[in-house]
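We number each residue from 1, following the sequence as shown.
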Amino acid sequence: MDNNQIRNPKLWVPSLYLAQGLPYFAVAIVASQMLKSMGVPNDELNHWIALIGLPWALKPLWSPFLELAPSKKLVVTFLQVFGGLCLGGVALALQAPFWFAASLAMLALVGIASATHDISCDGLYITSLDEKGQAQYAGWTGTFFNAAKFFTTGGLLLLAGHFEKTLGVVPAWTICFCILGAMMIALGLYNRWALPLAQNKASEDTNAKAIARTLWEVIVEFFKKPGIWVSIVFIILFRAGEAQVQSIGPLFLREARQLGGLGLSTAEVGAVYGTVGTVAFLVGSIAGGYFTSWLSLKRAILWLILAVNLPNVAFYLLSTFQPTDLSIIGAALSVEMFGYGFGFVGLILYMMQVVAPGKFQTAHYAFATGIMQLGSVLFKLFSGDIQIALGYQHFFIWVMLSAIPVAVLSQIIPMTARPQPQEETAAPQAAHAG
């Protein structure tokens, strides 16, 4: 019997997607909170966290070359262990006099490893399960990816907050990144046993030159799609408000009250964002999917855009009244996170149903998600500068105004796929990861 037949998916799907989520949230959220605790200003902090997020936008450019490895399992387990070592490297970097540059360098390596891991992770899942199995375990992938969010933005921030008070800031975050590193290494070693082999198919086209030629064709065909530039503008603008508020919102919660923030501790941010906020996001995502299925993307899109952006008024109200009751703060953030989850479905379906169809459908969906991430990086990159220039209150007004262009655009562009110049063909296997 081969390895695919021996391993029950229940033994490896949870560990595979937990390992996908941990480094992503470590870079996107935990690192941001760590730098805030270390006294890094919002503008400088967001510049670097945004740039470290670039690999998730650019990963479609190197994803086909992973087919040169003997198996997806080899790539996945190597990157899990390597990513774990780099997370441990962040803990070591915090001890150095040049801790800022050293920790950013290690976080950048984590980002590159994690983005590359995503490609082989999703590819392994797709090639190891038939269509029935893919559907059966699809819910598991999201559940355990979000379990990583619960752990990092909830449990780990609570732990960091406790140790900040008892041991100090540097020891607190050293412990947290050691825990993350140890978890990733343990998952890599476990998955070395648990994962199916998922061998890459060797053929005369499996060489760097042939793959580069196919990649170039994929890129050319993507930009030849009718109306593609309008679609790119729409994808980028969709995240204009959301990306900024997801970047500045957690920092606003930590900011001192005399500087316009709410003065919450690291542990309190973990309590409201990593627990009730995450639950609200998941419920919103499910509800948004059913809502769009019932109404159709064309009729639902404006409501979805409003759902993402209107709840940001919660941040404006929090910045205006600066409540101290954690239950009130948690309720406001739950409304915002529910709206974010509810409306974000619209962008996913737009890329899937409008942009991706045609030749190289799966690869083009991956390119669309890369553009989506690139737009997020762009808005996060300057969010700190805008916040410092405007102050928190006016910044949250700016965030809501940022939704107007995409709302208008959604009413004048097609919400169905345009006729393609060529018939659809199978997508390259390596482009499965979004």
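Residue pairs meeting the side-chain hydrogen bond (donor to acceptor under 3.5 Å, both in side chains) criterion with at least one partner in residues 88-100, sequence neighbours excluded, are Gln95-Thr174. For residues 34-49, every residue pair satisfying the salt bridge (Lys or Arg N to Asp or Glu O under 4.0 Å) rule, not counting sequence neighbours, is listed here: Lys36-Glu255. Applying the side-chain hydrogen bond (donor to acceptor under 3.5 Å, both in side chains) rule to pairs touching residues 295-324 yields Thr320-Gln393, sequence neighbours excluded. Pairs passing the side-chain hydrogen bond (donor to acceptor under 3.5 Å, both in side chains) check and including a residue from residues 18-33, sequence neighbours excluded, read Gln20-Asp122, Gln33-Arg254.
Residues that satisfy the side chain to side chain contact (heavy atoms under 4.5 Å, CB included) test with Val377, not counting sequence neighbours, are Ala50, Leu54, Gln373. Every residue two or more places apart in sequence or in another chain was checked for a salt bridge (charged side-chain N to carboxylate O under 4.0 Å, His left out) with Lys149, and none qualifies. Looking at residues two or more places apart in sequence or on another chain, you find no salt bridge (charged side-chain N to carboxylate O under 4.0 Å, His left out) involving Glu268. Judged as a salt bridge (charged side-chain N to carboxylate O under 4.0 Å, His left out), and not counting sequence neighbours, the contacts of Glu242 are Arg239. For Leu129, the side chain to side chain contact (heavy atoms under 4.5 Å, CB included) test picks out Pro9, Trp12, Tyr125, Gln134, Tyr137, with sequence neighbours left out.
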Listed pairs under 3.5 Å, donor-acceptor, residues 284-294 side chains, sequence neighbours left out:
unit_1, atom_1, unit_2, atom_2, d
Ser285, OG, Phe281, O, 2.9
Thr292, OG1, Gly288, O, 2.8

Please output the side-chain donor-acceptor pairs of residues 154-161 that fall under 3.5 Å, not counting sequence neighbours, one pair per line with the distance.
none

Solution key, residues 84-91 side-chain donor-acceptor pairs under 3.5 Å, sequence neighbours excluded:
none

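For Thr77 and Asn191, the side-chain atoms include no donor-acceptor pair closer than 3.5 Å. For the 3.5 Å distance criterion, the side chains of Gln244 and Trp398 qualify, holding a donor opposite an acceptor.
Here Leu253 contributes atom CG and Tyr392 contributes atom OH; the two are 9.0 Å apart, rounded to the nearest 0.5 Å. Between the OG1 atom of Thr153 and the CG atom of Asn146 there is a distance of 9.0 Å, given to the nearest 0.5 Å. Of the inter-residue distances, the one linking Phe396 atom CZ with Leu318 atom CG reads 8.0 Å to the nearest 0.5 angstrom.
Taking the six-membered ring where the residue is Trp, His364 and Phe222 present perpendicular rings, their angle passing 60° and hence far from 30°.
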